[in-house]
Visitor: 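Next up is a structure, given as structure tokens.
Counting begins at 1 with the first residue of the sequence.
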Amino acid sequence: MTSVVFPFLAAPRRDAIKRRWSRKLLRLLRVEARLTGAIDVHGGNVLLVANHVSWLDIFVLNAHRPARFVAKAELAGWPVAGRLIRGAGTIFVDRERRHDTRRVNHHAAQALAAGDVVAVFPEGTTTDGGTLLRFHASLLQPIVDAQGHVVPVAIRYRDAAGVHSTAPAYVGDESFARSFWRVCSARRLVVEVHAAPALAAHGATRRELARAGEAAIRTALGLSGAATAPGRSADPEA
């Protein structure tokens, strides 16, 4: 479907299919998504920025507002899944190339200006959901160039009893197979999706947008204090 049919479909049709697929996958995995706030605002030229906990995050966001994701280039080489990811319009960044962020930002800015919705995880890595890392401002440059809007989205997973759950967390060197099995083994998961009010990029810098988005997500998650420093090397252009 993504390789043969998607190239010939209009964007609204592709988005409808991705939304349906994502919602079906969440149902199969017994993950109940609960949305608070308006995530589907400002039809296009919107950058979704979210905290990053799991590979599930992509399907959670696509279930509510289909988007083109910025992802590491290694995913493009995955067997089968790599083709699916490419076909869904993912924008790949090669983290081994110091200045590849500039190329990706140019591509993302063009997509946004054309009316697309793009999603990024500005922490640059995943956490267990109990903390929030400092946002890399460089990933927000495309929306500054496109003069659109930023929608901060907080993602939090809970178990059947309503307690914070680390079952979906995909951190460190853990294999995808092990993470997937842990999610499948959970009796029931609830993911709370909180969309904060949109931020206008017009007249703002990427650093201002990064700090405002980070603060909005921190508030929605009920976290206090300053952002935790990234566990991996920071983006030199942040």
Side-chain angles (χ1 to χ4, degrees), residues 11 15 35-53 57-58 60-62 64-71 89-93 95 98-125 127 131-156 193-230 232-238:
D15 288 347
L35 173 66
T36 301
I39 195 172
D40 204 4
V41 293
H42 301 289
N45 196 5
V46 167
L47 184 73
L48 302 181
V49 297
N51 61 305
H52 201 10
V53 180
D57 300 343
I58 294 174
V60 168
L61 291 176
N62 270 335
H64 291 94
R65 187 164 197 185
R68 297 183 64 180
F69 286 81
V70 175
T90 300
I91 302 170
F92 294 104
V93 56
R95 294 178 179 174
R98 183 178 177 84
H99 298 297
D100 197 46
T101 301
R102 294 180 183 177
R103 177 192 62 81
V104 171
N105 282 351
H106 177 69
H107 190 177
Q110 287 183 319
L112 289 164
D116 282 349
V117 176
V118 175
V120 297
F121 299 110
E123 291 171 287
T125 187
T127 72
T131 187
L132 188 67
L133 304 180
R134 182 176 62 84
F135 280 10
H136 293 313
S138 61
L139 294 175
L140 281 79
Q141 185 61 44
I143 198 64
V144 173
D145 295 338
Q147 295 290 284
H149 288 82
V150 173
V151 176
V153 183
I155 299 174
R156 175 168 46 200
V193 182
H194 181 99
L199 307 169
H202 180 72
T205 68
R206 67 190 190 187
R207 289 180 177 82
E208 290 171 341
L209 291 173
R211 299 291 83 82
E214 181 185 306
I217 292 174
R218 181 173 297 281
T219 298
L221 293 175
L223 300 174
S224 59
T228 304
R232 301 177 187 178
S233 58
D235 183 342
E237 298 180 272

Visitor: Do you know the tightest heavy-atom contact between A212 and L199?
Guide: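 So the two residues come closest at CB-CD1, 3.8 Å.
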
Visitor: For D145, which residues count as a side-chain hydrogen bond (donor to acceptor under 3.5 Å, both in side chains) partner, sequence neighbours excluded?
Guide: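 Expected list: Q141.
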
Visitor: Within the distance-only criterion (no hydrogens, no angle test), does the side chain of R211 pair as donor or acceptor with the backbone N or O of F135 below 3.5 angstrom?
Guide: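 Judged by distance alone, yes, a pair lies under 3.5 Å.
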
Visitor: Looking only at non-hydrogen atoms, find the nearest pair between F121 and L139 and report the distance.
Guide: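 Smallest heavy-atom distance, with atoms named: O-CD1, 4.0 Å.
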
Visitor: When rounded to the nearest 0.5 angstrom, what is the spacing between CD in Q110 and NE2 in H107?
Guide: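 Those atoms lie 6.5 Å apart.
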
Visitor: Measure the spacing between CG of L223 and CD of E214 and express it to the nearest 0.5 Å.
Guide: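 If I round to the nearest 0.5 Å, the distance is 10.5 Å.
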
Visitor: Test of understanding: with salt bridge (Lys or Arg N to Asp or Glu O under 4.0 Å), list the residues that count as partners of D116, not counting sequence neighbours.
Guide: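 D116 satisfies salt bridge (Lys or Arg N to Asp or Glu O under 4.0 Å) with R68 only.
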
Visitor: Using modelled atom types and a 3.5 Å cut-off, is there a donor and acceptor pairing between side-chain atoms of H64 and backbone atoms of V60?
Guide: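 Between the backbone of V60 and the side chain of H64 there is a qualifying donor-acceptor contact (under 3.5 Å).
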
Visitor: If every non-hydrogen atom of V151 is compared with every non-hydrogen atom of A196, which pair is closest and at what distance?
Guide: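 For V151 and A196, the tightest heavy-atom pair comes out as CG1-O, 4.0 Å.
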
Visitor: Which atoms form the tightest heavy-atom contact between L140 and A210, and what is the distance?
Guide: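 So the two residues come closest at CD2-N, 3.7 Å.
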
Visitor: Using the side chain to side chain contact (heavy atoms under 4.5 Å, CB included) criterion, which residues pair with T205? Sequence neighbours excluded.
Guide: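 Checked T205 against side chain to side chain contact (heavy atoms under 4.5 Å, CB included); matches are R207, E208.
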
Visitor: How long is the span from the CD atom in E123 to the CZ atom in R134, to the nearest 0.5 Å?
Guide: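 Output value for this atom pair is 11.5 Å.
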
Visitor: Using distance only, find each side-chain donor-acceptor pair of residues 39-53 under 3.5 Å and give its atom names and separation, not counting sequence neighbours.
Guide:
from	atom 1	to	atom 2	distance (Å)
D40	OD1	R65	NE	3.2
N45	ND2	A146	O	3.0
N51	OD1	I155	N	2.7
N51	ND2	I155	O	2.9
H52	ND1	D57	OD2	2.8

Visitor: Looking at every heavy atom in both R218 and L132, which two are closest together, and how far apart are they?
Guide: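 Answer, listing the atom of R218 first, then L132: NH2-O, 3.3 Å.
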
Visitor: Looking only at heavy atoms, which two atoms of V117 and P66 are closest? And how far apart?
Guide: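 Answer, listing the atom of V117 first, then P66: CB-O, 3.9 Å.
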
